[in-house]
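We use all heavy atoms of the structure for the numbers below, so side chains are in, but hydrogens, waters and symmetry mates are not.
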Amino acid sequence: MRELQRFDGTRDLDWDTVWRAFEDDGAAIVEGFVDPRRLARLQADFEPLIAGHAPGSTTAGLWTEFHGVQTKRITGLPRHSEAWVELLCDERYLAMGDRYLGADDYWLNTGQLISIGPGETPQLLHRDELNWPHAVREDEITVTAIFALTDFSEENGATVVAPGSNHWEGTLPPTPPGTTCQATMPAGSALLYSGKVIHGGGANRTRDQWRVGLHAGFCRGWLRAEENFQLTVPLEVARELPARAQYLMGFRSYAPDFGGRLGLVDYDDAARLL
Ligand SMILES: O=C(O)CCC(=O)C(=O)O
(Lines give C-alpha, C1' and ligand atoms only; values in the text may rest on other atoms or scores of the structure.)
Protein backbone atom coordinates (compact mmCIF):
# COMPACT_ATOMS: atom_id res chain seq x y z
CA MET A 1 0.00 0.00 0.00
CA ARG A 2 1.37 3.44 -0.96
CA GLU A 3 1.96 5.67 2.08
CA LEU A 4 2.24 9.44 2.25
CA GLN A 5 5.71 10.92 2.52
CA ARG A 6 6.49 12.51 5.86
CA PHE A 7 8.95 15.24 6.81
CA ASP A 8 10.46 16.54 10.03
CA GLY A 9 9.25 20.12 10.50
CA THR A 10 11.49 20.67 13.52
CA ARG A 11 14.48 20.84 11.14
CA ASP A 12 15.33 23.27 8.41
CA LEU A 13 13.15 21.71 5.73
CA ASP A 14 13.82 21.66 2.02
CA TRP A 15 10.30 22.81 1.10
CA ASP A 16 10.81 22.02 -2.60
CA THR A 17 10.97 18.35 -1.60
CA VAL A 18 7.78 18.71 0.45
CA TRP A 19 5.95 20.33 -2.47
CA ARG A 20 7.21 17.61 -4.84
CA ALA A 21 5.66 14.99 -2.55
CA PHE A 22 2.48 17.11 -2.32
CA GLU A 23 2.27 17.24 -6.11
CA ASP A 24 3.12 13.53 -6.66
CA ASP A 25 0.87 12.11 -3.95
CA GLY A 26 -1.64 14.92 -3.48
CA ALA A 27 -0.66 15.23 0.18
CA ALA A 28 2.34 15.29 2.52
CA ILE A 29 2.78 15.11 6.29
CA VAL A 30 5.03 17.56 8.14
CA GLU A 31 5.57 16.36 11.69
CA GLY A 32 6.39 18.95 14.34
CA PHE A 33 4.90 21.76 12.23
CA VAL A 34 3.35 23.40 15.30
CA ASP A 35 5.89 23.94 18.07
CA PRO A 36 5.03 22.42 21.46
CA ARG A 37 4.26 25.77 23.16
CA ARG A 38 1.82 26.89 20.48
CA LEU A 39 0.31 23.41 20.39
CA ALA A 40 -0.30 23.56 24.17
CA ARG A 41 -1.97 26.99 23.79
CA LEU A 42 -4.20 25.72 20.98
CA GLN A 43 -5.20 22.70 23.03
CA ALA A 44 -5.94 24.84 26.10
CA ASP A 45 -7.94 27.40 24.06
CA PHE A 46 -10.08 24.78 22.34
CA GLU A 47 -10.60 22.25 25.14
CA PRO A 48 -13.54 24.10 26.78
CA LEU A 49 -15.03 24.89 23.41
CA ILE A 50 -15.02 21.23 22.37
CA ALA A 51 -16.35 20.13 25.76
CA GLY A 52 -19.33 22.46 25.41
CA HIS A 53 -20.22 21.49 21.85
CA ALA A 54 -22.57 18.64 20.93
CA PRO A 55 -21.62 16.19 18.17
CA GLY A 56 -23.57 15.99 14.92
CA SER A 57 -24.86 18.50 12.43
CA THR A 58 -28.30 20.03 12.14
CA THR A 59 -28.10 20.09 8.34
CA ALA A 60 -30.44 17.44 6.97
CA GLY A 61 -29.93 14.89 4.21
CA LEU A 62 -26.55 13.72 2.99
CA TRP A 63 -24.82 16.43 5.05
CA THR A 64 -25.80 14.80 8.34
CA GLU A 65 -23.73 11.81 7.32
CA PHE A 66 -20.97 13.85 5.68
CA HIS A 67 -20.46 16.01 8.78
CA GLY A 68 -20.54 12.96 11.05
CA VAL A 69 -23.03 11.99 13.73
CA GLN A 70 -20.33 11.53 16.38
CA THR A 71 -18.19 14.42 15.16
CA LYS A 72 -18.02 17.95 16.55
CA ARG A 73 -17.38 20.75 14.06
CA ILE A 74 -16.72 24.23 15.38
CA THR A 75 -16.04 27.44 13.42
CA GLY A 76 -15.46 31.11 14.36
CA LEU A 77 -12.17 30.12 15.97
CA PRO A 78 -10.42 33.54 16.00
CA ARG A 79 -12.86 34.51 18.77
CA HIS A 80 -11.35 31.84 20.98
CA SER A 81 -7.67 31.56 20.17
CA GLU A 82 -4.87 34.02 19.52
CA ALA A 83 -2.63 31.00 18.94
CA TRP A 84 -4.82 30.01 16.00
CA VAL A 85 -4.52 33.48 14.45
CA GLU A 86 -0.72 33.22 14.83
CA LEU A 87 -0.72 29.81 13.14
CA LEU A 88 -2.92 31.19 10.36
CA CYS A 89 -0.27 33.82 9.65
CA ASP A 90 2.63 31.31 9.73
CA GLU A 91 4.68 31.93 6.59
CA ARG A 92 5.25 28.20 5.99
CA TYR A 93 1.49 27.63 5.90
CA LEU A 94 0.76 30.69 3.74
CA ALA A 95 3.52 29.49 1.37
CA MET A 96 1.19 26.64 0.39
CA GLY A 97 -1.53 29.11 -0.62
CA ASP A 98 0.94 31.43 -2.36
CA ARG A 99 2.42 28.55 -4.33
CA TYR A 100 -0.76 26.87 -5.52
CA LEU A 101 -3.32 29.70 -5.59
CA GLY A 102 -1.13 32.76 -6.29
CA ALA A 103 0.49 35.18 -3.82
CA ASP A 104 -2.22 36.83 -1.67
CA ASP A 105 -4.78 35.63 -4.18
CA TYR A 106 -6.94 33.47 -1.91
CA TRP A 107 -9.26 33.37 1.10
CA LEU A 108 -9.24 31.14 4.12
CA ASN A 109 -11.90 28.64 3.10
CA THR A 110 -12.67 27.53 6.63
CA GLY A 111 -10.86 27.33 9.96
CA GLN A 112 -12.73 24.51 11.60
CA LEU A 113 -12.15 22.22 14.55
CA ILE A 114 -13.05 18.66 13.63
CA SER A 115 -13.24 16.43 16.65
CA ILE A 116 -14.08 12.85 15.65
CA GLY A 117 -15.61 10.91 18.53
CA PRO A 118 -15.76 7.22 19.51
CA GLY A 119 -18.08 5.23 17.27
CA GLU A 120 -17.85 7.58 14.28
CA THR A 121 -18.07 5.83 10.91
CA PRO A 122 -15.77 6.70 7.97
CA GLN A 123 -16.60 9.92 6.18
CA LEU A 124 -17.60 9.78 2.53
CA LEU A 125 -14.38 10.06 0.50
CA HIS A 126 -14.32 13.25 -1.55
CA ARG A 127 -12.28 15.91 -3.31
CA ASP A 128 -12.43 19.36 -1.72
CA GLU A 129 -12.52 21.07 -5.12
CA LEU A 130 -15.99 19.59 -5.64
CA ASN A 131 -17.28 22.30 -3.32
CA TRP A 132 -17.21 24.34 -6.54
CA PRO A 133 -17.88 21.78 -9.32
CA HIS A 134 -18.23 24.43 -12.02
CA ALA A 135 -14.86 25.97 -11.23
CA VAL A 136 -12.75 22.78 -11.31
CA ARG A 137 -9.83 23.06 -13.70
CA GLU A 138 -6.34 21.66 -14.19
CA ASP A 139 -4.63 23.74 -11.52
CA GLU A 140 -5.63 23.96 -7.88
CA ILE A 141 -8.62 25.99 -6.73
CA THR A 142 -8.28 24.92 -3.08
CA VAL A 143 -5.53 23.51 -0.84
CA THR A 144 -5.85 22.54 2.80
CA ALA A 145 -3.98 21.78 6.00
CA ILE A 146 -5.20 19.63 8.85
CA PHE A 147 -3.20 20.41 11.99
CA ALA A 148 -3.28 17.51 14.43
CA LEU A 149 -4.12 18.76 17.96
CA THR A 150 -4.13 15.18 19.28
CA ASP A 151 -2.26 12.17 17.92
CA PHE A 152 -3.95 10.81 14.79
CA SER A 153 -4.01 6.99 14.76
CA GLU A 154 -5.64 4.35 12.59
CA GLU A 155 -8.00 3.58 15.49
CA ASN A 156 -9.09 7.12 16.35
CA GLY A 157 -9.87 8.37 12.84
CA ALA A 158 -6.70 9.58 11.13
CA THR A 159 -7.63 11.09 7.76
CA VAL A 160 -7.97 8.52 4.97
CA VAL A 161 -6.12 9.55 1.79
CA ALA A 162 -5.71 7.92 -1.62
CA PRO A 163 -2.12 8.88 -2.52
CA GLY A 164 -1.79 9.91 -6.16
CA SER A 165 -5.57 10.27 -6.65
CA ASN A 166 -4.99 13.95 -7.43
CA HIS A 167 -3.95 12.63 -10.87
CA TRP A 168 -6.89 10.27 -11.38
CA GLU A 169 -9.32 10.99 -14.20
CA GLY A 170 -13.01 11.66 -13.56
CA THR A 171 -14.98 13.78 -11.14
CA LEU A 172 -14.83 11.39 -8.19
CA PRO A 173 -13.41 8.02 -9.28
CA PRO A 174 -13.80 5.01 -6.97
CA THR A 175 -10.94 4.00 -4.67
CA PRO A 176 -10.20 0.30 -5.26
CA PRO A 177 -9.09 -1.73 -2.20
CA GLY A 178 -5.47 -1.10 -1.30
CA THR A 179 -5.33 2.42 -2.76
CA THR A 180 -5.88 4.35 0.46
CA CYS A 181 -3.76 4.90 3.56
CA GLN A 182 -4.28 6.83 6.78
CA ALA A 183 -2.44 10.02 7.70
CA THR A 184 -1.33 8.85 11.12
CA MET A 185 0.73 11.55 12.81
CA PRO A 186 1.63 12.88 16.25
CA ALA A 187 -0.05 15.98 17.69
CA GLY A 188 1.58 19.11 16.25
CA SER A 189 1.87 17.65 12.73
CA ALA A 190 0.30 19.10 9.59
CA LEU A 191 -1.29 17.12 6.79
CA LEU A 192 -1.02 19.36 3.71
CA TYR A 193 -3.20 18.32 0.80
CA SER A 194 -4.45 19.15 -2.66
CA GLY A 195 -8.06 19.98 -3.48
CA LYS A 196 -7.84 17.16 -6.02
CA VAL A 197 -6.80 14.33 -3.70
CA ILE A 198 -9.51 11.89 -2.58
CA HIS A 199 -9.72 11.78 1.20
CA GLY A 200 -12.08 11.79 4.19
CA GLY A 201 -12.16 11.56 7.97
CA GLY A 202 -11.43 8.06 9.28
CA ALA A 203 -13.64 5.86 11.48
CA ASN A 204 -13.08 6.18 15.22
CA ARG A 205 -12.99 2.64 16.64
CA THR A 206 -11.79 3.65 20.11
CA ARG A 207 -14.02 3.63 23.19
CA ASP A 208 -12.89 6.94 24.63
CA GLN A 209 -10.56 8.94 22.37
CA TRP A 210 -11.47 12.10 20.46
CA ARG A 211 -9.35 12.82 17.39
CA VAL A 212 -9.02 16.59 17.19
CA GLY A 213 -7.85 18.30 14.02
CA LEU A 214 -7.83 21.93 12.97
CA HIS A 215 -9.01 21.81 9.37
CA ALA A 216 -7.96 24.97 7.57
CA GLY A 217 -7.92 25.39 3.81
CA PHE A 218 -7.55 28.18 1.30
CA CYS A 219 -9.62 28.77 -1.83
CA ARG A 220 -9.15 31.09 -4.78
CA GLY A 221 -10.17 34.70 -4.13
CA TRP A 222 -12.89 34.59 -6.77
CA LEU A 223 -14.67 31.72 -5.02
CA ARG A 224 -17.11 31.94 -2.14
CA ALA A 225 -15.48 30.48 0.97
CA GLU A 226 -17.12 27.63 2.89
CA GLU A 227 -17.16 29.45 6.23
CA ASN A 228 -18.96 32.78 6.48
CA PHE A 229 -16.29 34.52 8.57
CA GLN A 230 -18.07 37.87 8.50
CA LEU A 231 -20.78 36.23 10.62
CA THR A 232 -18.69 33.76 12.66
CA VAL A 233 -16.15 36.43 13.72
CA PRO A 234 -17.63 39.55 15.32
CA LEU A 235 -16.45 42.88 13.92
CA GLU A 236 -14.88 43.90 17.24
CA VAL A 237 -12.71 40.75 17.14
CA ALA A 238 -11.91 41.24 13.44
CA ARG A 239 -10.71 44.81 14.17
CA GLU A 240 -7.96 43.49 16.44
CA LEU A 241 -6.66 40.86 14.01
CA PRO A 242 -3.44 41.29 11.99
CA ALA A 243 -4.14 42.74 8.52
CA ARG A 244 -3.20 39.47 6.83
CA ALA A 245 -5.76 37.55 8.91
CA GLN A 246 -8.41 40.21 8.19
CA TYR A 247 -7.73 39.81 4.49
CA LEU A 248 -7.81 35.99 4.62
CA MET A 249 -11.23 36.10 6.31
CA GLY A 250 -12.72 38.57 3.87
CA PHE A 251 -12.74 41.63 6.15
CA ARG A 252 -10.71 43.34 3.44
CA SER A 253 -11.47 43.41 -0.25
CA TYR A 254 -10.04 41.13 -2.88
CA ALA A 255 -7.68 43.00 -5.17
CA PRO A 256 -6.13 40.70 -7.76
CA ASP A 257 -3.36 41.81 -10.12
CA PHE A 258 -5.68 41.05 -13.00
CA GLY A 259 -9.45 41.55 -13.11
CA GLY A 260 -11.88 43.50 -10.95
CA ARG A 261 -11.90 44.04 -7.19
CA LEU A 262 -14.42 42.08 -5.14
CA GLY A 263 -16.08 42.49 -1.74
CA LEU A 264 -16.03 46.28 -1.86
CA VAL A 265 -17.72 48.85 0.37
CA ASP A 266 -18.74 52.06 -1.41
CA TYR A 267 -16.37 50.94 -4.16
CA ASP A 268 -13.50 51.09 -1.74
CA ASP A 269 -11.62 48.50 0.31
CA ALA A 270 -13.82 46.96 3.02
CA ALA A 271 -10.97 47.69 5.46
CA ARG A 272 -12.33 51.22 5.80
CA LEU A 273 -15.22 49.85 7.87
CA LEU A 274 -12.78 48.28 10.31
O1 LIG B 1 -11.29 15.32 9.54
C2 LIG B 1 -10.70 14.83 8.58
O3 LIG B 1 -9.76 14.05 8.71
C4 LIG B 1 -11.10 15.19 7.17
C5 LIG B 1 -12.35 16.02 7.12
C6 LIG B 1 -12.74 16.43 5.75
O7 LIG B 1 -12.12 16.13 4.77
C8 LIG B 1 -13.94 17.26 5.59
O9 LIG B 1 -14.75 17.37 6.50
O10 LIG B 1 -14.12 17.82 4.47
Please check: side-chain N/O of R73 versus main-chain N/O of H67, any donor-acceptor pairing under 3.5 Å? yes

What verdict does the side chain to side chain contact (heavy atoms under 4.5 Å, CB included) test give for L113 and T75, after you've listed the backbone C-alpha separation in whole Å, the side-chain angles of each residue and the deciding distance to 0.1 Å? CA-CA 7 Å; L113 272 177; T75 57; over 6 Å; no

Correct closest heavy-atom pair for V161 and A27 would be CG1-CB, 4.2 Å

Here the gap from K72 atom NZ to H53 atom NE2, rounded to the nearest 0.5 Å, amounts to 8.0 Å

If we ignore angles and hydrogens, is there a donor and acceptor under 3.5 Å between the side chains of T71 and E120? yes

Please evaluate residues Q209 and E155 with respect to the criterion side chain to side chain contact (heavy atoms under 4.5 Å, CB included), reporting the C-alpha separation (whole Å), side-chain torsions for both, the decisive distance (0.1 Å), and the verdict. CA-CA 9 Å; Q209 283 178 37; E155 295 70 36; 5.9 Å; no

Do T150 side-chain atoms and V212 backbone N/O form a donor-acceptor pair below 3.5 Å? yes

State whether a side-chain donor-acceptor pair under 3.5 Å links N131 with E226. yes

Verify the distance criterion only: is there a donor paired with an acceptor across the side chains of T206 and N204 at less than 3.5 Å? yes

Side chains of residues 189-197: which donor-acceptor partners sit under 3.5 Å, not counting sequence neighbours?
| residue | atom | partner | partner atom | Å |
| --- | --- | --- | --- | --- |
| S189 | OG | P186 | O | 2.6 |
| Y193 | OH | D128 | OD2 | 3.1 |
| Y193 | OH | H199 | NE2 | 3.3 |
| Y193 | OH | H215 | NE2 | 3.2 |
| S194 | OG | E140 | OE1 | 3.3 |
| S194 | OG | E140 | OE2 | 2.7 |
| S194 | OG | K196 | N | 2.8 |
| K196 | NZ | E129 | OE1 | 2.9 |
| K196 | NZ | R137 | O | 2.5 |

Is there side-chain contact between V143 and L101, with heavy atoms separated by less than 4.5 Å? yes

May I ask you to check whether over 12 heavy atoms, not counting those of E3, lie within 6.0 Å of atom CD? yes

Examine distances only and state if a side-chain atom of R261 and a backbone atom of Y254 form a donor-acceptor pair shorter than 3.5 Å. no

Can T64 and T59 be said to form a side chain to side chain contact (heavy atoms under 4.5 Å, CB included), step by step? CA-CA 6 Å; T64 313; T59 318; 5.7 Å; no

Which label fits W15 and W19: parallel for a plane angle under 30°, tilted from 30 to 60°, or perpendicular past 60°? tilted

Looking only at non-hydrogen atoms, find the nearest pair between N228 and R224 and report the distance. ND2-NH2, 3.7 Å

What's the separation between atom OH in Y93 and atom CG in L87, rounded to the nearest 0.5 Å? 7.0 Å

Can you tell whether the side chains of R79 and D45 come within less than 4.0 Å, N to carboxylate O? no

Distance from D90 atom CG to E86 atom CD, nearest 0.5 Å? 10.0 Å

Taking the six-membered ring of F152 as reference, does the NZ or CZ atom of R211 fall below 6.0 Å from its centre and within a 45° cone about the axis? yes

Neighbour count >12 (heavy atoms, 6.0 Å) for atom CZ, R2: yes

Would you check if I116 and N156 make a side-chain contact, meaning some heavy-atom pair closer than 4.5 Å? no

Say you draw a straight line from CD1 of I114 to CD1 of I146; how long is it, rounded to the nearest 0.5 Å? 6.0 Å

I need the L125 CG to T175 OG1 distance, nearest 0.5 Å. 5.0 Å

Look at R244 together with D98 and state whether they make a salt bridge at an N to O cut-off of under 4.0 Å. yes

Is it the case that atom CG in D14 sees more than 12 heavy atoms from other parts of the structure closer than 6.0 Å? yes

Pi-cation contact, F33 with R92 (under 6.0 Å, within 45°): yes

If every non-hydrogen atom of A270 is compared with every non-hydrogen atom of G263, which pair is closest and at what distance? CB-O, 3.7 Å

Under 3.5 Å donor-acceptor, R6 side chain and T184 backbone: yes

F218/Y100 aromatic ring centres below 6.0 Å: no

Check whether any side-chain heavy atom of R127 sits under 4.5 Å from a side-chain heavy atom of L172, and report yes or no. yes

Do F46 and I74 have side chains that get closer than 4.5 Å, going by heavy atoms? no

Can you name the closest pair of heavy atoms from T179 and P176 and give their distance? OG1-O, 2.5 Å

Show the numbers, then the answer: is there a side chain to side chain contact (heavy atoms under 4.5 Å, CB included) between W107 and F229? CA-CA 10 Å; W107 305 124; F229 289 103; over 6 Å; no

If you measure only the distance, is there a donor-acceptor pair under 3.5 Å linking the side chains of E227 and N109? no

